[in-house]
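First up is the structure itself, then whatever we jot down about it.
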Amino acid sequence: MNHKVAGRHFGRTANQRKALLRGLVSSLFEHQRIETTLARAKAIRGIAEKLVTFGKQGDVHAKRMVMSYIPNRTVVAKLFAEIAPRFASKNGGYLRIVQTRQRVNDRAPMAIIEFVDYESVRTGSAKEGKKE
């Protein structure tokens with residue numbers, strides 16, 4: 001019986017777990033939609049929403065806080081320039097988790113985690129591409 005053991009450990013050490021979550025959040029901001037296991041999606045949702053809230057603040061302190069978690073400058077620039085301004089009027093709830101299937105190999109439940117306005121952004125960029 002594991003009393004008072006909170007959080008998901010994913011069978012990894014703390015450093016490996018931190019690297020996994022940082023990589024997933026970075027890919028989410030880069031691609032704006034990723035497919036991963038349901039447990040991983042639930043684990044990164046809170047982290048990503050906090051970072052989007054920092055992106056909405058937009059000051060130097062917020063940028064440094066985000067850079068301490070995501071060391072990729074291009075992803076951080078995309079967060080502050082493109083992603084955060086889209087949610088200026090929202091107070092949370094930036095992400096959606098949709099359960100999709102079970103993985104073939106180990107039957108792990110898979111899910112897509114995406115921004116709530118992903119469809120409108122995707123169709124908007126497709127229309128811009130056709131105009132050019």
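The model shown is predicted, which means the values in this text are computed figures rather than measured ones. Heavy atoms only: backbone and side chains are in, while hydrogens, waters and symmetry mates are out.
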Check the hydrophobic clustering (I, L, V, M, F, W, Y; side-chain heavy atoms under 4.5 Å; chains of links allowed) and say if [X] and [Y] are grouped together.
{"X": "Met67", "Y": "Leu51", "result": "yes"}
{"X": "Ile112", "Y": "Val25", "result": "no"}
{"X": "Leu79", "Y": "Met65", "result": "yes"}
{"X": "Met110", "Y": "Leu21", "result": "no"}
{"X": "Phe80", "Y": "Phe29", "result": "yes"}

For residues [X] and [Y], report the shortest heavy-atom separation together with the two atoms involved.
{"X": "Gly58", "Y": "Ala62", "value": "N-CB, 4.2 Å"}
{"X": "Val116", "Y": "Arg96", "value": "O-NH2, 2.9 Å"}
{"X": "Ser27", "Y": "Gly23", "value": "OG-O, 2.6 Å"}
{"X": "Ile97", "Y": "Ala111", "value": "CG2-CB, 3.8 Å"}
{"X": "Ile113", "Y": "Leu28", "value": "O-CD1, 3.6 Å"}
{"X": "Arg8", "Y": "Ala39", "value": "CD-O, 3.5 Å"}

Arg40 with Glu35: basic N within carboxylate O range, under 4.0 Å: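 Looking at Arg40 and Glu35, the cut-off is not met.
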Note: Glu49-Lys90 ion pair, threshold 4.0 Å (strictly below):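 Result for this pair is no, no salt bridge flagged.
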Distance-only polar pair, side chains of Asn72 and Thr74, donor-acceptor under 3.5 Å: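 Asn72 vs Thr74: donor-acceptor pair found between side chains.
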Could you state the interatomic distance from [atom1] ([X]) to [atom2] ([Y]), rounded to the nearest 0.5 Å?
{"X": "Arg22", "Y": "Ile44", "atom1": "CZ", "atom2": "CD1", "result": "14.0 Å"}
{"X": "Thr13", "Y": "His9", "atom1": "OG1", "atom2": "NE2", "result": "12.0 Å"}
{"X": "Tyr69", "Y": "Ile47", "atom1": "OH", "atom2": "CD1", "result": "3.5 Å"}

Measure from NZ or CZ of Arg86 to the centre of the six-membered ring of Phe115, then state whether that distance is under 6.0 Å and the direction lies within 45° of the axis.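 Judged by the rule, Arg86 and Phe115 form a cation-pi pair.
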Cation-pi, Phe54 ring and Lys63 (6.0 angstrom, 45 degrees):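 Checked: cation-pi criterion not met.
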Run Tyr94 and Lys56 through side chain to side chain donor-acceptor pair (under 3.5 Å) and show every step you take. CA-CA 12 Å; Tyr94 314 120; Lys56 284 169 50 177; 3.1 Å; yes
Taking everything shown except [X] itself, do over 12 heavy atoms lie less than 6.0 Å from its [atom1]?
{"X": "Asn91", "atom1": "CG", "value": "no"}
{"X": "Lys78", "atom1": "NZ", "value": "yes"}
{"X": "Arg101", "atom1": "CZ", "value": "yes"}

Hey, does the side chain of Arg33 reach the backbone of Glu114 with a donor-acceptor pair shorter than 3.5 angstrom?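 No: the side chain of Arg33 does not pair with the backbone of Glu114.
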